[in-house]
Protein chains: 2
Amino acid sequence: MGERPPTSRDLARLAGVSQATVSRVLTNHPRVSPDTRARVLQVLAETNYTPNALARAMKTGRTDTIGVFMTRVTSPFHAELLDEIGRLLSAAGLHMILWNIEHDPDESVAEMLQQRLVDGFLLTSATYDSKLHTAAVASGAPTVLLHRGIDDFDCDQVVGDNWQGAYDAGRYLVEAGHRDIGLVTLEHTGNSSRDRDLGFRAALADAGVTLKPRNVITTNVRHADGHAAAQKLLSRAKPPTAIYTITDLLAFGVLDGARARGVRVPDDLWVVGFDNTDLASWEAFDLTTVDQPIHAIVEAGIDLLRNRIADPTAETTIRQLPCKLVVRGSTAHTPPKPAGNHTT
Amino acid sequence: MGERPPTSRDLARLAGVSQATVSRVLTNHPRVSPDTRARVLQVLAETNYTPNALARAMKTGRTDTIGVFMTRVTSPFHAELLDEIGRLLSAAGLHMILWNIEHDPDESVAEMLQQRLVDGFLLTSATYDSKLHTAAVASGAPTVLLHRGIDDFDCDQVVGDNWQGAYDAGRYLVEAGHRDIGLVTLEHTGNSSRDRDLGFRAALADAGVTLKPRNVITTNVRHADGHAAAQKLLSRAKPPTAIYTITDLLAFGVLDGARARGVRVPDDLWVVGFDNTDLASWEAFDLTTVDQPIHAIVEAGIDLLRNRIADPTAETTIRQLPCKLVVRGSTAHTPPKPAGNHTT
DNA sequence: CTGGGCTATGAATACGTATACACAAGCGCG
DNA sequence: CGCGCTTGTGTATACGTATTCATAGCCCAG
């Protein structure tokens, strides 16, 4: 059982050729005569030989492995993103090493960049103050920012058009007649949270609807935070008639907060999220939300990364893909209800 | 930017020592004089040198990387499991290569086993008919089955005590007075689904409660499947007063199915799940469920794996950790309601 | 018939590190 | 004072593969 695995040299001996020839056959080198190739393949089939990926990587300098940095894997959207990344990397014949930024401190991460363990990096959680993306690019490793971008940063990036998506969400609420609107948002730690916030505000401003400061709640990203935000907003005598959250997870919290208070959705309150996670389509939430084109984002990101690996000197590309509002039961298809009534 | 990264030989030249000495310093070899060690560390600090992980791995035969096989990353429980695996591997100084069984066909997976890209495997989704676990063990690679076990299979395994947990759930419902109980289950593709099914049946049998065949629905594992099962069970003239599902995700579907039909939980229907995912604690579901000790399972699994890597000939261990019923609002704290009434 | 180009292959080397081996210096003890 | 043991260091090698270089055979044109 614990046998030393066969090497290309073993194969060569069995086939009566040199190790170099075996290597040539395995890498599809053109200069091999048909019958020696056949002989090697014959022996190959009889053995359970597999090339040692380490040795190959050391020689070629390519590992066919991509490092993926992600945070909060348990968050529904991230899980879907990860799933898609895994699917497409696998389809491209690439392995994935997954690092969780929360678990690994920045310093240890920087080391990995130089270890040549991976051919490139996919960063899905870039924030302004994390040193990760700067370290990655500074190290010269091929890197693509996925899903979360950074302005004025010379690095390939693929993101959804968060600003436009948020703007659409805001306009949708305004056009439905809402005037007293709540916003549950996050600190602007990166472009995506910033744009999902500012785009929404812009839509309201363009329509001449003022966003009351007390209706803006800046919080964290967990379900419980959305829940708490809802409690705060809905405990007022005259609560907002609609709440938009920067991310579905917060919207789920808001919906649950409303449920806990007996506030009916969408009769008494409209709720709009952002991400269109799978959960948003469940009856429990039935959430109107802005769809992010996960597949297209990941596909483009992997494309960009492979191109950069192939040609590190290429011009950097920043691609922004359109987002689309998906209307569900957390907002009414029927005309908007009259301004705020309180349902204790 | 695209500089060739410095090697230990570069370091040696700068420090005026041999490459072997540099290597000795980096691996904390005892036979190095304090001042040469200091000199090397001095140079090390001035350089941005990092050992080439590939070369090191090829020489030592250890990559400090673990291969993790998982399925359905977007499923809440799996995401939590993955998160915990990442956390604990990282804490142990190990990297994680993640493979999704759904994306990679069995054959290609088998190849990876021999590539020596990883030191060992963590299989979280073993099923009776997948060839993955047999291939892994046959290849001699250190392997641990996590979360899903296989009977009579000579391989380290760490699982929750699914049978006991399911039994507790069944007894809980029976003792609460339920007599007309629904079971939403899966094909017995592995020990865990089997035990979660049989343990529940045993509890009912021990209490003299018969499980009507028409109340048993064997389906798939998605939310929509639970939803459909609920529709089926609840459309009867005399629907069951309680439904137990083999996994939380199905319970969420059942709850949503009940919601869609206007069946009130827990007034008209009790629902019990299995896994105690984070979502189960959300108001939207507030699900009574059986808690799986994720942390303990992963911790024990990684321990076992590291031991096996250190000593491949050790006796195999199968560890079964207790599960515990967590009661929430999807079942009533108040006495059970009288037998089946229909709420169309 | 001969020489030049082409083809197929083997020998040798390099990737960057860890480690077995050799060896010089230092030291204690007879 | 010399012998054996310990200590610190350098030299050389091996891990398994891809690839360069050299070479032997071959074909064809002159």
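In the text below, chain A, chain B and the rest are named by the order of the sequence lines, each starting its count at 1.
Taking the charged nitrogens against the carboxylate oxygens, A/Asp10 and A/Arg4 do have a contact shorter than 4.0 Å, which makes a salt bridge. Using a cut-off of 4.0 Å between Lys/Arg side-chain N and Asp/Glu carboxylate O, A/Arg87 and A/Asp83 are scored as salt-bridged.
A/Arg9 places its CZ atom 14 Å from the C1' atom of D/dT19, with the value rounded to the nearest Å. As a whole-Å value, the separation of B/Gln19 CD from D/dG10 P is 11 Å. To the nearest angstrom, C1' of D/dA14 lies 13 Å from CG of A/Asn52. At whole-Å resolution of the value, CG in B/Leu54 and P in D/dA18 are 13 Å apart.
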Exercise answer: donor-acceptor pairs, residues 69-78 of chain A side-chain atoms, under 3.5 Å, sequence neighbours excluded:
unit_1  : atom_1 : unit_2   : atom_2 : d
A/Thr71 : OG1    : A/Glu102 : OE2    : 3.2
A/His78 : ND1    : A/Thr71  : O      : 2.7
A/His78 : ND1    : A/Arg72  : O      : 3.1

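Rounded to the nearest 0.5 angstrom, A/Gln19 CD and A/Arg24 CZ are separated by 9.0 Å. Separation of atoms CG (B/Leu122) and CD1 (B/Ile66) is listed at 7.0 Å; rounding is to 0.5 Å. Atom CG of A/Leu146 and atom OG1 of A/Thr124 lie 7.0 Å apart (nearest 0.5 Å).
Among the protein residues, A/Ser23 comes within range of the nucleic acid bases, having at least one heavy atom under 4.0 Å from a base atom.
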Handout entry: Intermediate values then yes/no, salt bridge (Lys or Arg N to Asp or Glu O under 4.0 Å), B/Asp64 and B/Arg56
Key = CA-CA 10 Å; B/Asp64 288 336; B/Arg56 173 172 284 183; over 6 Å; no

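Nearest-nucleotide mapping onto DNA chain D: of B/Lys59 and A/Ser8, the residue sitting toward the 5' end is B/Lys59.
Note on ring orientation: taking the six-membered ring where Trp is involved, the planes of A/His133 and A/Phe153 are perpendicular (angle over 60°, cut-offs 30° and 60°).
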Contact list (N/O, under 3.5 angstrom) for nucleotides 5-9 of chain D vs protein:
unit_1 : atom_1 : unit_2  : atom_2 : d
D/dT7  : OP2    : B/Arg31 : NH2    : 3.2
D/dT9  : OP1    : B/Ser33 : OG     : 3.0
D/dT9  : OP1    : B/Thr36 : OG1    : 3.3
D/dT9  : OP2    : B/Ser33 : N      : 2.9
D/dT9  : OP2    : B/Ser33 : OG     : 3.3
D/dT9  : OP2    : B/Thr36 : OG1    : 2.8

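Boundaries of the chain A contact region on DNA chain C are C/dT7 to C/dC15, first to last in 5' to 3' order (nucleotide atom under 4.0 Å from a heavy atom).
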